[in-house]
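Report on the following structure.
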Amino acid sequence: MKERFEGADGRRLRIDALAGQKLVRGKEDIAAELADRCTIEEHPAGFELIRHDDDSNDIYFILAGTFQIVVNGRSVATRGPGDTVGEMAAIQPTQKRSASVVAQTSAVVAKLTEPQFDEVATRFPQLYRTIAQELSRRLLERNKLVNMHRDKIRVFIISSVEGLTIARAIQDAFEHDPFTCTVWTDGVFRIANYAMESLEAAIDDSDFAIAVAHADDMTAYRGQDWPTPRDNVVLELGLFMGRLGRARSILMEPRDEKLKLPSDMTGITTVTYRFEAGKDMTALLAPACNRLREHIKSMGPNNG
């Protein structure tokens, strides 16, 4: 595909493609200036176009394909045809690259060096205005990925319907602690939302997850019947583990019953509990709640 845009014959296509860029906004005179200065490059999937913290300051207009924007090993955005990458370093030469840009697919870009781009932008200063507008939009996009700082710890309790009595007892035990403790039934899953969307919102709003692994079902394994928690409890705990880590995703496991859990739950933080319905329920759960309290207080809010 690179050959389409190269040489005198490809100049018209270069101008058309660059005129469609967000920064150019259909201005053919600007597109022509860029087309006469740029170098066309084609890269395979997996190619690192820009490396985080690098000193380079070239700017790239994406003509075909898509790229991942990666910060500290985490993909935070995707850029495709019409988008520009590298402009922050192009307009501020002393700034190192703020992210890596990695090709998701085979891609074609138009590259300009910082001096080349400066020549065009000096003649057409509206380019700087559009860059400022685009960077403001990206800043808002990036802010969505930053956790809100919390002073008060937020705990989310997962259980099956059958384990709800235990979940409520744990919530009651933390009544006088500096925790905001939410059980999954406390308005989390609204009728207007899909359950998964509501769960994702709860994950983003939590510092800890406590999953009550009540022996709800029996599973045949190697010729024996094993008590197992409900699938949704295991699934939801796994989602919290992926977001909060193993230390902040706590499994409450009944002391007197050996539950059969998935092998990838190995290493998770576990607190055993005793439960008997009746007047002694709170007293029996108290030691487990005390261990939970100490663990939660020692780690604090997830503001890292």
Side-chain angles (χ1 to χ4, degrees), residues 1-43 45 47-52 54-71 75-146:
M1 184 177 289
K2 172 186 173 184
E3 292 75 15
R4 296 182 187 178
F5 300 100
E6 291 183 319
D9 293 338
R11 184 175 184 272
R12 176 181 57 82
L13 295 178
R14 292 201 303 277
I15 293 173
D16 287 346
L18 289 166
Q21 296 285 312
K22 293 176 183 177
L23 294 189
V24 180
R25 296 185 174 180
K27 305 290 186 180
E28 289 203 9
D29 50 353
I30 298 177
E33 292 282 348
L34 295 172
D36 290 339
R37 288 171 171 78
C38 72
T39 301
I40 302 298
E41 296 182 351
E42 185 168 8
H43 300 292
F47 179 81
E48 189 176 51
L49 186 69
I50 294 173
R51 177 170 294 180
H52 180 234
D54 193 55
D55 291 326
S56 64
N57 59 358
D58 297 326
I59 182 171
Y60 299 89
F61 295 84
I62 302 173
L63 306 183
T66 57
F67 290 85
Q68 280 187 317
I69 310 301
V70 181
V71 178
S75 177
V76 299
T78 301
R79 302 281 181 255
D83 290 324
T84 312
V85 292
E87 65 272 51
M88 290 178 66
I91 62 175
Q92 178 53 270
T94 60
Q95 179 173 313
K96 291 180 179 290
R97 296 296 195 182
S98 62
S100 294
V101 180
V102 182
Q104 283 186 305
T105 65
S106 178
V108 178
V109 296
K111 181 181 84 171
L112 280 87
T113 64
E114 184 275 326
Q116 289 173 327
F117 182 76
D118 184 63
E119 288 178 12
V120 180
T122 299
R123 293 191 58 199
F124 301 96
Q126 62 263 44
L127 275 173
Y128 288 121
R129 178 182 175 85
T130 54
I131 286 178
Q133 292 171 337
E134 175 65 11
L135 293 183
S136 294
R137 184 190 67 79
R138 292 183 186 177
L139 181 60
L140 290 175
E141 183 180 82
R142 183 73 61 85
N143 284 347
K144 295 177 183 178
L145 301 171
V146 179

I'd like to know if the side chain of [X] reaches the main chain of [Y], judged simply by a donor and an acceptor atom lying under 3.5 Å from each other, with no hydrogens or angles considered.
X      : Y      : value
Glu114 : Asn57  : no
Arg14  : Gly7   : yes
Gln116 : Thr113 : yes
Thr130 : Leu23  : yes

Any side-chain heavy atom of [X] sitting closer than 4.5 Å to one from [Y]?
X      : Y      : answer
Tyr60  : Ile50  : yes
Ser106 : His43  : no
Val108 : Phe5   : yes
Val102 : Leu49  : no
Asp83  : Thr78  : no
Thr105 : Phe67  : no
Asp29  : Phe124 : yes

Atom [atom1] in [X], atom [atom2] in [Y]: separation rounded to 0.5 Å?
X      : Y     : atom1 : atom2 : value
Ile131 : Ile59 : CD1   : CD1   : 5.0 Å
Ile62  : Gln21 : CD1   : CD    : 7.5 Å
Arg97  : His52 : CZ    : NE2   : 11.5 Å
Ile15  : Leu34 : CD1   : CG    : 10.0 Å
Ser100 : Arg51 : OG    : CZ    : 7.5 Å
Phe61  : Glu87 : CZ    : CD    : 8.5 Å

Decide yes or no on salt bridge (Lys or Arg N to Asp or Glu O under 4.0 Å) for Arg37 and Glu33, but give the supporting numbers first.
-> CA-CA 7 Å; Arg37 288 171 171 78; Glu33 292 282 348; 2.5 Å; yes

Over all heavy atoms of both residues, which pair between [X] and [Y] is shortest? Give the atoms and the distance, please.
X     : Y      : value
Val71 : Ala99  : CG2-CB, 3.7 Å
Pro81 : Ala64  : CG-CA, 4.0 Å
Ala31 : Val24  : N-CG1, 4.0 Å
Ile40 : Ala110 : CD1-CB, 4.0 Å

Any carboxylate oxygen within less than 4.0 angstrom of a Lys/Arg side-chain nitrogen, looking at [X] and [Y]?
X     : Y     : value
Lys96 : Asp55 : yes
Lys2  : Glu6  : yes
Arg11 : Asp36 : yes

Any side-chain donor-acceptor pair under 3.5 Å between Asp58 and Ser56?
-> no

Between Thr66 and Arg79, is a side chain to side chain donor-acceptor pair (under 3.5 Å) present by the stated rule, with each step listed?
-> CA-CA 6 Å; Thr66 57; Arg79 302 281 181 255; over 6 Å; no

Mind telling me whether Phe117 and Tyr128 have parallel, tilted or perpendicular rings, with 30° and 60° as the class edges?
-> perpendicular

Determine, stepwise, if the pair Leu127 / Val120 fulfils side-chain contact (heavy atoms from CB on, under 4.5 Å).
-> CA-CA 9 Å; Leu127 275 173; Val120 180; 3.9 Å; yes

Count the heavy atoms belonging to other residues, nucleotides or ligands that lie under 6.0 Å from CD of Glu48, then report whether that count exceeds 12.
-> yes

